[in-house]
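Each remark here refers to the structure printed beneath this line.
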Amino acid sequence: MSASLTTPPQLRPYQKEAVERVVGHFRRSHDPAVVVLPTGSGKSLVIAELARIARGRVLVLAHVRELVAQNHAKYEAYGLKADIFSAGLGRRDSQRQVVFGSVQSVINALDAFDDGQFTLLVIDECHRVAPMVDDNSDARRRQSPGSYQRVIDHLRASRSDIKVLGLTATPYRLGQGFIYYRHYHGMVRGPETSFFRDCVFEQPLRVMVRQGYLAEPRRIDAAIARYDFSQLSPRIGGQYAESDLNRVVSGNRATPVIIEDVMAQGHGRQGVMIFAATVAHAEEIMGYLPEAQAALVTGTTPGRERERLIEAFKSRELKYLVNVAVLTTGFDAPHVDLIAILRPTESVGLYQQIVGRGLRLSPDKRDCLVLDYAGNPWDLFGPEIDAPRPDSDSEPVQVECPECGFANIFWGKRDGELVIEHFGRRCQGLVDNERGEQVQCDFRFRYKVCEQCGAQNDIAARRCHHCQEQLIDADDKLRDALKLKDARVLRVSGMMLEESVNGRGLARLKVTYVDEDGATLSEWYALETPAQRRAFYHAWLKPHLRAPGSDWQPATIEEVIASRERLRHPNFVVGRKVGRYWQVRERLFDYEGRYRRADSADGG
């Protein structure tokens, strides 16, 4: 335990709880952990307190020198002394018990951290680091280690039991998902191979605002003019291409109107941050702002010039600060009380980072006005979901697991309070196994069945997780069927439901699949007896549900037809000729192979 002659900082209740949970976790486990605290919540204080009470040496890493200096200053403000190891700050000291460093400087001088005395490594803004995986996984063997992984490997070589803690406001990487495996609320978030094993504490942004620790955001969706980014799709990695963004914003007639509105809304405001889509867009914006009151910061702005402009903005010599994707983290200007968003945001996490620049408390600041001119769909207080948003109509919906009862949050759609569709695959709840360990619930909402052992697998799996047999590929099924003279393959564009009668005059549900050329395949189901209804549910209804896992089990043909909006059609149907008739032998859902899917919507 490090000694100090000064009174330790007075932590807020949630900061104290975060420290206690970290200490409790590391007393019982060596697994890397994450703490999630919103922007402006005082992560630096939590870091300072953990460094103060740690036994052994502590290394605190950040990706930019501004964060290194900020964390170091907060620590030393309480009479504690620590070193700085950052070329950008002109210091390379590593002798004291606590060292605050930039990751690039440390990676270039690993020999300075060889004494085997480091017991705690803290990574600030840990969502920015390259994906790290557990030492023994196949994924680790297939990839070269990133900078943070190299630092961890080096420190572990001297001390295998070093504790690793990450802090972030947004524990999520675009295109890759959550950075940790388990959440202390009893849910699975990221892949089981995640380097960070547990989120041990999270403080919700809504609670921070309600308790008065952050300024209240007041969002206005601009009605006078806006950009239409709705036709753009993120590239691999989850980000938009600059060329795509420029096609929307370059020379757009909305821009001068938007900036005029920003200035009008900013009358009486203390500091205005404008988030542009591209550098060219930002430069155009600057042409409409009063020159003496505005500055532009981009990724190519030289370091000293960037520092000068930011300092001028913080000291209120400038009112407007325009930036392109560089001031979403590690930037602290509490007087900012207007955020203007003129770019699409790829996730609620990025949206929270942007708006978070204006939520810190400051004298004479009553709230933060958020002006969105890009039609971003995110709820500032909404949850991050570990999957891309399927379409603009999707929203977070709660889906209860029928096996363990866990309330999952997936993308989906509602009809009033009824969830009529969701895109979840597997329950995210944690359950105890026979050894008392917490593992992910086995229930799968959508799955691929192994034809060897019958086990349910993820729809993207190539091998069975139970018997390790290779799963039959959907493309192979289609290719084989297309070779047969007595087989018919439909690229399904619609599905029709109607009540029919069989040869004995008994009512049957007739399901007809239609392809783009009008060809059809039909099948019939009886729902008269409990046994027939059970067979219908397992053979047909479950895979056709847009919201699988629901307890909807219609008792009549009329009920099925009346609720057809709750059903989806397959992407492909394979039929085989039996005598004079065709029988449906295979229905392929969630198809992502090389054959083109139908573009049409459901039939009536």
Side-chain angles (χ1 to χ4, degrees), residues 38-40 169-170 172 174 205 209 214-232 234 238-240 242 244-250 252 254-266 269-286 288-289 294-299 313 319-331 333 335-360 367-382 384 389 392:
T39 299
T170 51
Y172 184 87
L174 285 174
L205 179 61
V209 172
L214 292 176
E216 181 178 0
R218 189 158 64 86
R219 172 170 168 158
I220 297 178
D221 286 316
I224 57 162
R226 63 195 302 174
Y227 302 108
D228 183 7
F229 295 104
S230 62
Q231 301 306 309
L232 301 188
Q239 297 177 326
Y240 295 101
E242 185 174 3
D244 292 342
L245 295 171
N246 274 328
R247 279 199 295 272
V248 175
V249 299
S250 292
N252 195 306
T255 302
V257 180
I258 287 171
I259 300 307
E260 183 179 353
D261 187 55
V262 170
M263 291 190 290
Q265 298 274 9
R269 294 276 165 176
Q270 301 177 48
V272 179
M273 290 187 70
I274 300 175
F275 289 82
T278 67
V279 173
H281 184 218
E283 291 170 345
E284 182 184 357
I285 289 169
M286 286 293 293
Y288 300 116
L289 292 168
L296 169 61
V297 177
T298 72
F313 179 70
K319 180 172 182 177
Y320 303 95
L321 187 59
V322 184
N323 87 98
V324 185
V326 292
L327 300 179
T328 54
T329 59
F331 176 80
H335 76 289
V336 171
D337 55 359
L338 192 155
I339 299 289
I341 307 174
L342 283 68
R343 55 157 292 178
T345 54
E346 297 90 335
S347 73
V348 68
L350 178 57
Y351 183 75
Q352 289 172 340
Q353 289 168 3
I354 288 174
V355 175
R357 301 308 106 195
L359 299 187
R360 286 183 170 87
D367 57 24
C368 177
L369 188 61
V370 181
L371 305 177
D372 191 340
Y373 300 94
N376 287 295
W378 310 113
D379 176 359
L380 178 62
F381 303 114
E384 187 69 85
R389 191 187 189 103
S392 59

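Being a predicted model, the structure only gives us computed values, none of them experimental. This chain uses plain numbering: 1 for the first residue, then up along the sequence.
Between the CD1 atom in I259 and the CG atom in L289 there is a gap of 5.5 Å [rounded to 0.5 Å]. Taken from CG in D367 to CG in L359, the straight-line distance is 10.5 Å, to the nearest 0.5 Å. Rounding to the nearest 0.5 Å places CG of N323 at 4.5 Å from CZ of F275. Within the model, atoms CD1 of I339 and CG of D372 stand 11.5 Å from one another, a figure rounded to the nearest 0.5 Å. Of the inter-residue distances, the one linking L205 atom CG with T170 atom OG1 reads 11.5 Å to the nearest 0.5 angstrom. Atoms CG and CZ, from L232 and R247 in turn, are 7.5 Å apart once rounded to the nearest 0.5 Å.
V370 meets the side-chain contact (heavy atoms from CB on, under 4.5 Å) test with P217, R219, I341, Y351, V355, C368; sequence neighbours excluded. In this structure Y227 satisfies the ring-ring contact (aromatic ring centres under 6.0 Å, His included) test together with F229, H281, sequence neighbours excluded. For Y172, the side-chain hydrogen bond (donor to acceptor under 3.5 Å, both in side chains) criterion is met by no residue, not counting sequence neighbours. Applying the side-chain contact (heavy atoms from CB on, under 4.5 Å) test to E283 and every residue at least two apart in sequence or in another chain returns V279, L296. Under the salt bridge (charged side-chain N to carboxylate O under 4.0 Å, His left out) criterion, R360 pairs with D332, sequence neighbours left out. Qualifying side-chain hydrogen bond (donor to acceptor under 3.5 Å, both in side chains) partners for D379, counting only residues two or more places apart in sequence or in other chains: none. Scored by the side-chain hydrogen bond (donor to acceptor under 3.5 Å, both in side chains) test, S250 finds no partners at all (sequence neighbours excluded). Y320 pairs by the ring-ring contact (aromatic ring centres under 6.0 Å, His included) definition with nothing, not counting sequence neighbours. Partners of N252 under the side-chain hydrogen bond (donor to acceptor under 3.5 Å, both in side chains) rule, at least two apart in sequence or in another chain, do not exist in this structure.
When side chains are defined from C-beta on, L350 does not count as touching W378, because their heavy atoms never get closer than 4.5 Å. Under the 4.5 Å side-chain criterion, counting only non-hydrogen atoms from C-beta, M263 is not in contact with Y288.
A donor-acceptor pair under 3.5 Å links the side-chain atoms of N376 to the main chain of R343, judged by distance alone. The backbone N or O of L380 sits less than 3.5 Å from a side-chain atom of Q352, completing a donor-acceptor pair.
The minimum heavy-atom distance between V249 and T255, with the atom names listed, is O-OG1, 4.1 Å.
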